[in-house]
Structures are given as structure tokens and as C-alpha cells.
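First up is the structure itself, then whatever we jot down about it.
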Amino acid sequence: MKKTIYFTGTNNQMQQLETAIKTATDKRDAWLSSNKDVIGKIDSEDIKITPWSSNTQHVIVTIRLTYYLK
């Protein structure tokens, strides 16, 4: 069965984009580490950077991870 999970780093100014990306990837890495027994195969992974509302100084970083269960 295929499942998708999302990890975010939010409300960071564009100057702190690396921090937002690191927050999201740290959440993903922690989740992968604690769930390695149920993941059969990673199907795809995507990162998206979205401006927060109309204020382009703030962004939401979202990592989408799709995987198959064992």
C-alpha cells in the first residue's frame, strides 16, 4: 500500500530559507529513522517552497514523501 506524509518548516523569512529547509529535513530524517521497520520502498520525494499568504518575506517549506509499506 502506498502512503504519503508531509514535513514542514514554517514562518521563516527568506533570509532564513536554509533554516526552514533544515527544519523540514530534520523532521523527515527523524520520522524515517523511527519508522524504518514499516517502510518497504520510497516511491518519491518532493520539496516545495510556498510564500506565506501575500507576504513574500515568509515561506512554508514542505517535503512530500511517498512510500510503500512492507
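Keep in mind that this is a model prediction, so the values were computed, not measured.
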Please determine whether side-chain contact (heavy atoms from CB on, under 4.5 Å) holds for the pair I39 and W31, giving the CA-CA distance in whole Å, both sets of side-chain angles, and the decisive distance to 0.1 Å. CA-CA 11 Å; I39 299 171; W31 185 86; 3.6 Å; yes
Measuring from atom CD1 of I5 to atom CG of L65, what distance do you get when rounded to the nearest 0.5 angstrom? 7.5 Å
Within a strict 4.5 Å, meaning less than it, do heavy atoms of the T8 and T23 side chains meet? no
Report yes if some heavy atom in the side chain of D46 is under 4.5 Å from a heavy atom in the side chain of I63; otherwise report no. no
Is there any side chain to side chain donor-acceptor pair (under 3.5 Å) pair reaching into residues 59-70, and which pairs are they, with sequence neighbours excluded? T4-T66, R64-T66
NZ (K27) and NZ (K22) are apart, to the nearest 0.5 Å, by 12.5 Å
Hydrophobic cluster membership, with links at side-chain heavy-atom distances under 4.5 Å among I/L/V/M/F/W/Y: are Y6 and L69 in one? no
Interatomic distance, NZ@K48 vs OG1@T50, rounded to 0.5 Å, equals 4.5 Å
Using a 3.5 Å distance criterion without hydrogens, assess whether the side chain of S33 forms a donor-acceptor pair with backbone atoms of D29. no
If you take all heavy atoms of G9 and A24, which pair is closest and at what distance? N-CB, 3.9 Å
When rounded to the nearest 0.5 angstrom, what distance separates CD in E18 from OG1 in T25? 11.0 Å
